[in-house]
Amino acid sequence: KQLPANNARIEDLAGIAYAPDADPDADGRLVLLSAQERMVLVYTLNGTLVPPTLRVDARRPQGIAVVPPRGGAHGAACFLLFAPPNVLQEYCAP
């Protein structure tokens with residue numbers, strides 16, 4: 001499905017990951033990484049942008065993976081951001 005034109009524009013998609021919802025009956029989210037903008041955007045499966053967007057400090061992010069929060073905490077998933085040379089950064093919601 002094409003994302004609506006009124007959403008944030010992604011010029012250089014460097015990664016996409018699926019984040020399941022904590023509720024098994026709910027839809028998950030798509031997490032997109034823009035390398036040029038150094039930004040992570042989250043969308044519902046119907047194409048709606050979920051604010052806020054997140055700026056990342058990696059110089060050239062190249063990939064993203066969604067992982068569960070540490071310590072069995074409930075809530076938003078964390079994600080790992082990959083960037084050369086051999087940089088792995090973890091981001092979690094507070």
Side-chain angles (χ1 to χ4, degrees):
K1 179 174 181 175
Q2 186 174 1
L3 297 175
N6 61 346
N7 281 324
R9 188 176 174 126
I10 301 173
E11 295 290 334
D12 183 16
L13 184 62
I16 185 168
Y18 174 76
D21 195 282
D23 177 357
D25 294 328
D27 289 337
R29 304 280 191 255
L30 292 178
V31 182
L32 283 65
L33 171 64
S34 171
Q36 183 176 348
E37 298 295 325
R38 297 182 351 191
M39 185 170 34
V40 173
L41 303 102
V42 178
Y43 286 88
T44 64
L45 295 184
N46 70 4
T48 302
L49 180 64
V50 178
T53 58
L54 173 67
R55 295 263 179 209
V56 295
D57 57 4
R59 289 186 66 193
R60 294 182 322 240
Q62 296 298 312
I64 192 166
V66 175
V67 296
R70 291 183 183 225
H74 297 290
C78 300
F79 64 88
L80 300 175
L81 186 72
F82 308 97
N86 302 321
V87 174
L88 179 64
Q89 295 176 319
E90 181 180 44
Y91 292 85
C92 293

Inset, instruction - Flag the pair Leu54 / Phe79 as yes when at least one side-chain heavy-atom distance between them is below 4.5 Å, and no otherwise. - result: yes

Legend entry - Distance (rounded to the nearest 0.5 Å) between Arg59 CZ and Arg38 CZ: 8.5 Å

Legend entry - Hydrophobic cluster membership, Ile16 vs Met39, 4.5 Å side-chain cutoff: yes

Legend entry - Note, Gln89 side chain near Asp57 side chain (heavy atom, < 4.5 Å): yes

Legend entry - Rounded distance [0.5 Å steps], CG in Leu30 versus OG1 in Thr48: 11.5 Å

Legend entry - Side chain proximity check, Arg29 to Thr44, heavy atoms < 4.5 angstrom: yes

Inset, instruction - Looking only at non-hydrogen atoms, find the nearest pair between Ala17 and Val66 and report the distance. - result: CB-CG2, 3.6 Å

Inset, instruction - Report whether Tyr43 and Tyr18 are members of the same hydrophobic cluster (ILVMFWY, side-chain heavy atoms less than 4.5 Å apart, transitive linking). - result: yes

Legend entry - Which atom of Tyr91 lies closest to which atom of Ala58, heavy atoms considered: OH-N, 4.5 Å

Inset, instruction - Could you tell me which non-hydrogen atom of Ala19 sits nearest to which non-hydrogen atom of Val31, and how far apart they are? - result: CB-CG2, 4.0 Å

Legend entry - Rounded distance [0.5 Å steps], CG in Leu13 versus CG in Leu41: 9.5 Å

Inset, instruction - Identify the heavy atoms of Ala14 and Pro61 that sit nearest to each other, and give their distance. - result: CB-O, 3.6 Å

Legend entry - Shared hydrophobic cluster, Val40 / Phe82 (ILVMFWY, side-chain heavy atoms < 4.5 Å): no

Legend entry - Any donor-acceptor pair under 3.5 Å from Gln36 side chain to Ser34 backbone: no

Inset, instruction - Quick one: closest heavy-atom pair of Pro51 and Leu49, and the distance? - result: CD-O, 3.4 Å

Legend entry - For the student: nearest non-hydrogen atoms of Arg55 and Glu37, plus distance: NH1-O, 2.8 Å

Legend entry - Val50 with Leu32, same ILVMFWY side-chain cluster at under 4.5 Å: no

